[in-house]
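Everything below concerns the one structure shown next.
We name chains A, B, ... by the order of the sequence lines, and we start the count at 1 in each one.
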There are 2 protein chains.
Amino acid sequence: MADRTQFGLSAIDSVPLHEKVYLELVRALMSGQFTPGQKLTSRRLAKELGTSDMPVRSAFMRLQALRALSPMPNGSVEVPVISAERFSQLTAVRTILEGSATELATKRINGNNLRAIRRHSSELTLAAREGDIDDYLRKNYAFKFSIYRHCGNEQMIFLIETVWMQVGPFLRNLAMGFEDDLASILDIDYHEEVVAAIEAQDAARARAAIVRDIEEGAAHILRQARFPGAGR
Amino acid sequence: MADRTQFGLSAIDSVPLHEKVYLELVRALMSGQFTPGQKLTSRRLAKELGTSDMPVRSAFMRLQALRALSPMPNGSVEVPVISAERFSQLTAVRTILEGSATELATKRINGNNLRAIRRHSSELTLAAREGDIDDYLRKNYAFKFSIYRHCGNEQMIFLIETVWMQVGPFLRNLAMGFEDDLASILDIDYHEEVVAAIEAQDAARARAAIVRDIEEGAAHILRQARFPGAGR
DNA sequence: GGTCAAGATTTGTGATCGCGATATTGCAAA
DNA sequence: TTTGCAATATCGCGATCACAAATCTTGACC
């Protein structure tokens with residue numbers, strides 16, 4: 001479905017190349033298409049994308065500022081290797097930010113919002129039962145941000161997104177630890193409890209449920225993950 | 001004190017130009033040398049700095065990713081114009097993040113750390129009494145981060161820094177509202193109370209003091225600031 | 001088989017150029 | 001003086017080139 005004006009002309013695409021490259025890299029990173037530690041060079045990537053290396057360099061700069069890519073001493077970038085310590089720190093920050101956002105959102109959510117959240121919640125449950133990891137992660141993202149979006153603080157949402165940019169690519173590689181048993185993740189998944197708390201307008205309970213969801217998920221990951229420098 | 005090798009040669013400076021431009025822009029932004037709403041163009045800035053526009057473009061990309069510069073529809077960037085709403089949101093995020101960081105830090109600070117914090121605190125008091133706004137803001141930054149640095153969570157510090165990058169340039173222009181009466185800011189400055197709470201190892205009290213410091217400072221600013229779109 | 005140095009390749013970095021779009025200026029008409 | 005518009009200057013963007021440093025390859029030698 002190409003964009004067409006009323007005269008049948010295709011709409012001029014004014015989105016800069018570097019922006020497209022950036023979005024493409026975010027997508028690739030968040031869906032775990034790169035291996036942690038993988039080195040990315042602007043020239044090679046440019047060749048793969050069929051552009052010059054300039055737009056790629058721009059995208060690298062942005063991603064590196066957000067810590068979604070790690071700068072190497074020689075100026076190259078690599079997909080971040082997350083250590084157990086960094087993962088714990090990011091989890092701690094997540095509980096603080098996402099807990100607060102949930103608490104704020106609970107007080108502002110109305111019927112219409114709630115209906116959308118419930119839909120995301122049931123889709124999330126479904127995805128877990130069906131065992132599709134990619135779909136599960138995508139639905140998990142959609143569900144949580146359908147709540148955070150209503151916290152009334154755009155700055156907070158931005159910060160949460162930057163944290164997810166750092167954890168996201170990592171989660172993908174770890175969720176694979178569940179293999180065919182993705183449904184078992186529902187045992188430590190409190191998203192139904194979150195919805196119930198929001199319905200009851202109980203902000204403190206909603207915060208507690210989100211925090212618990214984040215923490216138990218992280219603990220489960222820490223249990224079965226192999227982190228660099230922690231033996232093999 | 002230039003870097004000299006043992007042969008008296010000046011050390012080759014291998015810091016990339018785009019990094020220097022970035023640091024220079026951060027410094028200029030944080031010290032309020034740009035007016036909110038001011039448009040920055042890579043070409044003009046490059047000419048002023050005596051470089052090509054490439055390093056400037058890189059620096060723009062990074063600052064824009066961190067929201068320290070706002071992208072314009074045509075791709076230019078401008079120094080962010082902060083609205084009353086955005087300022088309130090950023091303040092709310094600050095209380096959450098910096099409150100948590102202070103609470104965590106209180107539990108980890110030992111005698112040596114405390115001595116440095118006390119020094120920063122007294123320097124801050126001194127700067128307020130002397131009435132030098134720039135010095136006050138610098139000391140305020142140094143004092144607060146001398147605490148946050150010990151929170152044991154590098155990711156949290158990074159997020160706090162990005163928030164400061166957004167509020168910093170704005171604070172400068174508003175602190176000028178105090179004019180010759182900077183010493184009066186001490187009336188709503190709870191940094192001595194923060195130090196006392198840390199000394200007493202009372203994490204909850206330290207958090208409350210920092211939050212109060214942030215909130216009352218922000219309230220004072222909101223009272224006398226002229227925000228865009230709020231009449232004149 | 002392992003080591004190391006020379007050569008070849010790749011890479012980051014920054015300058016420059018060209019294109020199309022945007023913004024600014026200058027001037028004439030109302 | 002204000003309005004309309006064309007000439008001009010400036011700008012974002014992306015491609016390409018040059019150069020030095022880093023990295024990889026290769027092959028001779030111990």
Side-chain angles (χ1 to χ4, degrees), chain A residues 3 5 7 9-26 28 34-35 37-81, chain B residues 3 5 7 9-26 28-29 34-81:
Chain A
D3 292 339
T5 69
F7 304 110
L9 304 171
S10 60
I12 305 291
D13 175 14
S14 73
V15 178
L17 251 187
H18 66 81
E19 179 76 20
K20 293 187 195 169
V21 174
Y22 171 78
L23 293 174
E24 181 62 19
L25 283 178
V26 168
F34 295 130
T35 350
Q38 181 176 352
K39 264 200 320 194
L40 299 180
T41 70
S42 58
R43 275 174 151 102
R44 192 202 321 273
L45 209 55
K47 193 168 290 181
E48 282 181 24
L49 297 173
T51 72
S52 85
D53 61 343
M54 282 261 328
V56 180
R57 280 197 243 173
S58 295
F60 279 3
M61 281 294 166
R62 287 171 67 179
L63 290 166
Q64 171 176 340
L66 296 172
R67 299 197 170 187
L69 287 178
S70 304
M72 311 254 308
N74 63 357
S76 302
V77 298
E78 70 172 24
V79 182
V81 182
Chain B
D3 290 342
T5 70
F7 303 112
L9 303 171
S10 61
I12 304 294
D13 174 13
S14 73
V15 177
L17 250 188
H18 66 81
E19 179 75 20
K20 291 187 196 171
V21 174
Y22 172 78
L23 293 175
E24 181 63 18
L25 282 178
V26 168
L29 280 169
F34 295 130
T35 341
Q38 181 176 354
K39 268 199 317 198
L40 300 180
T41 69
S42 58
R43 273 168 141 107
R44 191 202 314 278
L45 208 56
K47 194 168 290 181
E48 282 182 25
L49 297 172
T51 73
S52 85
D53 60 343
M54 281 262 326
V56 180
R57 281 197 244 171
S58 296
F60 279 4
M61 281 293 165
R62 288 171 63 180
L63 289 166
Q64 168 178 343
L66 297 172
R67 299 197 169 188
L69 287 178
S70 306
M72 311 252 310
N74 64 357
S76 301
V77 297
E78 69 173 22
V79 182
V81 182

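- Between B/Met61 atom CE and C/dG14 atom P the separation is 16 Å, expressed in whole Å.
- C/dA15 atom C1' lies 11 Å from atom CG of B/Leu17, rounded to whole Å.
- To the nearest angstrom, C1' of D/dA15 lies 14 Å from NZ of A/Lys47.
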Between B/Val79 and B/Thr35, is a side chain to side chain contact (heavy atoms under 4.5 Å, CB included) present by the stated rule, with each step listed? CA-CA 7 Å; B/Val79 182; B/Thr35 341; over 6 Å; no

For the pair B/Leu69 and B/Leu40, evaluate side chain to side chain contact (heavy atoms under 4.5 Å, CB included) and give the outcome as yes or no after the intermediate values. CA-CA 9 Å; B/Leu69 287 178; B/Leu40 300 180; 4.1 Å; yes

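- In this structure, CE of B/Met54 is placed 11 Å from C1' of D/dC13, rounded to the nearest angstrom.
- The nearest heavy atom of DNA chain C to B/Lys39 and to B/Ser52 marks one nucleotide each, and the one closer to the 5' end goes with B/Ser52.
- Rounding to the nearest 0.5 angstrom, the gap separating the OG atom in B/Ser76 from the CD atom in B/Gln64 is 10.0 Å.
- Nearest heavy atoms, A/Phe60 versus A/Ser42: CE2-N, 3.6 Å.
- The base of C/dG14 is paired with the side chain of A/Arg57 by a donor and an acceptor separated by under 3.5 Å.
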May I have the step-by-step check of side chain to side chain contact (heavy atoms under 4.5 Å, CB included) for A/His18 and A/Val21, ending in yes or no? CA-CA 5 Å; A/His18 66 81; A/Val21 174; 5.5 Å; no

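- The distance from atom OH of B/Tyr22 to atom C1' of C/dT13 is 19 Å, rounded to the nearest whole Å.
- Pairing each heavy atom of A/Ala65 with each of B/Ala65, the nearest pair is CB-CB, 4.1 Å.
- For B/Gln64 and D/dG12, the CD to P distance is 11 Å, given to the nearest whole Å.
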What one-letter contact string describes nucleotides 5-12 of chain C from 5' to 3', where B marks a base within less than 4.0 Å of any protein heavy atom, S marks contact via sugar-phosphate atoms alone, and - marks no contact? ------BB

